[in-house]
Protein chains: 2
Amino acid sequence: MKDSKKEFINPLFTVDSVLFTVVGNQLKVLLVKRAIEPFNGRWALPGGFVDVEQDDNTDMTAQRKLYEKTGITPKYLEQLKVFSGLNRDPRGFSVTLTYFALVAYEDTEPHINTVEEATWTEINELRNLPLAFDHREIIEAAFQRLQQKALYSMVPVYCCAEKFTVGQLKSVIEVIINKPLQRKSLMRRIEASGMFKEVDQKVQSGGRLAQLYSLKPDVDVVHFERNLGA
Amino acid sequence: MKDSKKEFINPLFTVDSVLFTVVGNQLKVLLVKRAIEPFNGRWALPGGFVDVEQDDNTDMTAQRKLYEKTGITPKYLEQLKVFSGLNRDPRGFSVTLTYFALVAYEDTEPHINTVEEATWTEINELRNLPLAFDHREIIEAAFQRLQQKALYSMVPVYCCAEKFTVGQLKSVIEVIINKPLQRKSLMRRIEASGMFKEVDQKVQSGGRLAQLYSLKPDVDVVHFERNLGA
DNA sequence: GGAATAGTGTCTTTAAGACAATATTTT
DNA sequence: AAAATATTGTCTTAAAGACACTATTCC
């Protein structure tokens with residue numbers, strides 16, 4: 001074990017998050033403008049270094065960075081993937097742990113779009129924007145994960161408001177997977193998942209009043225055994 | 001952005017792998033004996049620090065460490081999850097990127113079990129063994145991932161030899177998911193996946209000769225839209 | 001009443017489960 | 001022939017898709 005003596009260069013380690021939300025019929029990703037080199041002035045994912053004083057673990061780093069840069073506390077957060085290599089950062093070998101997060105647009109409105117350093121970007125507009133590092137690739141990976149999860153789980157509900165209708169959730173899922181969904185299939189899953197309760201309240205929608213639903217407290221996301229829309 | 005000036009302690013970053021194989025009707029995990037503090041002498045997952053000189057990325061770190069410690073090059077390797085925190089390593093805040101790997105027992109036999117520092121341990125025997133760090137928890141997460149993947153993909157084939165029969169693959173999957181599997185269902189998936197070709201050769205098995213299959217070159221693992229045995 | 005959206009009923013479709021029937025090999 | 005394992009045939013089942021039908025609201 002000769003290398004147990006060797007002094008290794010500990011690679012640069014950062015945490016970055018891909019925060020999605022759905023607004024109308026658009027899927028949006030949160031970007032912040034970098035204020036330091038490298039890639040000063042470019043759009044990038046919100047993230048940064050772990051602060052051992054404040055963060056119990058990397059999940060907290062992700063949440064803290066999102067909050068510091070945008071005032072947002074996401075409804076849903078999970079690890080995506082580590083990106084690493086010699087060429088992704090000009091300063092040398094680097095490692096980024098990326099997270100994939102969801103939030104309801106209603107929970108963010110006051111903060112974003114008044115700040116010049118943070119903005120919601122529609123997923124298809126990313127093609128034209130030059131991004132820092134390999135952040136385009138990271139967003140692509142997060143998007144694919146989101147699309148997959150939307151087929152076999154209820155995660156998209158975390159892009160909905162506290163109380164939501166079946167129609168609203170249906171619309172959110174359709175924006176994410178980019179194809180139409182059978183309302184009936186969704187209702188069956190809402191029922192089968194057991195994750196939701198009917199709120200004693202209905203809301204107007206242009207036609208018949210719609211039943212409102214909300215998440216039961218402390219439920220885990222249910223995974224189904226089949227994919228939708230396959 | 002006051003913290004852009006602050007000097008952060010870059011956390012300890014390591015890479016560890018959970019390498020599985022199937023032998024007979026047992027699922028086994030590869031452990032190595034630690035030769036340094038902390039946890040000197042305890043069983044642990046094979047892993048270590050990134051060597052920026054040698055490793056293009058963390059995947060290569062995982063592979064290199066597995067090879068150095070056991071002579072094994074796994075057939076399948078994918079990122080599992082990052083474990084991080086203040087309390088998992090007595091030296092302070094640490095981050096471990098873990099991988100989940102599969103290999104056919106046939107591809108390893110010469111190396112392991114002659115070396116005193118590496119051993120295959122049956123998954124259920126882990127309960128009694130004291131492991132280093134939070135490695136028990138890591139193995140548990142890897143095991144759950146493996147079980148899930150066995151239900152909707154063909155990954156277990158990477159625990160089979162180069163050429164394998166339906167019966168052999170069936171047995172491997174049954175060991176992993178720990179319940180019986182319909183042979184018919186597996187044959188349908190072998191056909192539907194398009195990942196395999198029939199080898200022009202049959203092999204004896206106690207009864208009728210069994211058709212051998214092998215992976216087509218450069219195929220990706222196919223994911224099905226339903227789970228097995230649910 | 002008409003338009004619009006919500007929700008239900010029910011038939012079809014798809015892929016897995018169950019298991020019987022057939023095939024091929026060794027002893 | 002009997003035992004053992006491989007392979008195929010085919011009926012059943014579970015959950016999604018399709019879509020017509022009913023319900024409720026606003027205008």
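Here is how names work: the chains are called A, B, and so on, in the same order as the sequence lines, proteins then strands, and each is numbered from 1.
Mapping Lys184(A) and Gly206(A) onto DNA chain D via the closest heavy atom, the residue that lands nearer the 5' end is Lys184(A). Each of Gln211(A) and Arg188(A) was matched to the nucleotide of DNA chain C holding its nearest heavy atom; the match closer to the 5' end belongs to Gln211(A).
Look at Lys149(A) and Glu78(A) and you find a salt bridge, because one of the NZ, NE, NH1 or NH2 atoms lies within 4.0 Å of a carboxylate O, short of that distance. A salt bridge does not link Arg188(B) to Glu191(B): none of the charged nitrogens lies less than 4.0 Å from a carboxylate oxygen. Salt bridge Lys170(B)/Glu174(B): present, at least one basic N to carboxylate O contact under 4.0 Å.
Of the listed nucleotides (dT8(D), dC19(D), dA16(D)), dA16(D) has the atom at the smallest distance from the side chain of Ser185(A). Candidate nucleotides dG17(C), dT7(D), dA16(D) were compared by shortest atom distance to the side chain of Leu228(B), and dG17(C) ranks first. Between dT25(D), dT7(D), dA6(C), one nucleotide has an atom nearer to the side chain of Arg208(B) than all others, and that is dT7(D).
Defined by atom type and a distance below 3.5 Å, a donor-acceptor pair is present between the side-chain atoms of Gln144(A) and Glu140(A).
OP1 or OP2 of dA6(D) sits under 4.0 Å from a side-chain N or O of Arg183(B). Not one side-chain nitrogen or oxygen of Arg226(A) sits closer than 4.0 Å to the OP1 or OP2 atom of dA14(D). Between Arg189(A) and dA16(D) there is a side-chain polar atom (N or O) within less than 4.0 angstrom of OP1 or OP2. Checking the phosphate oxygens (OP1, OP2) of dT25(C), no side-chain nitrogen or oxygen of Gln204(B) falls inside 4.0 Å.
Atom CE of Met187(B) is separated from atom C1' of dT5(D) by 12 Å (rounded to the nearest Å). Distance Lys202(A) NZ to dT25(D) P: 7 Å, rounded to the nearest Å. Look at CG on Leu169(B): it is 12 Å from P on dT7(D), rounded to the nearest Å. Spacing between atom CD of Gln182(A) and atom P of dA15(D) amounts to 18 Å, rounded to whole angstrom units. Straight-line distance from the CD atom of Glu174(B) to the P atom of dT5(D): 13 Å, rounded to whole Å. Atom CG of Leu186(B) is separated from atom P of dT7(D) by 11 Å (rounded to the nearest Å). Look at OH on Tyr152(B): it is 20 Å from P on dA15(D), rounded to the nearest Å. Protein atom CD of Gln168(A) is 11 Å distant from nucleotide atom P of dG7(C), rounded to whole Å.
Arg189(B) forms a cation-pi arrangement with Phe224(B), by the criterion of a distance under 6.0 Å to the ring centre and an angle within 45° of the ring axis.
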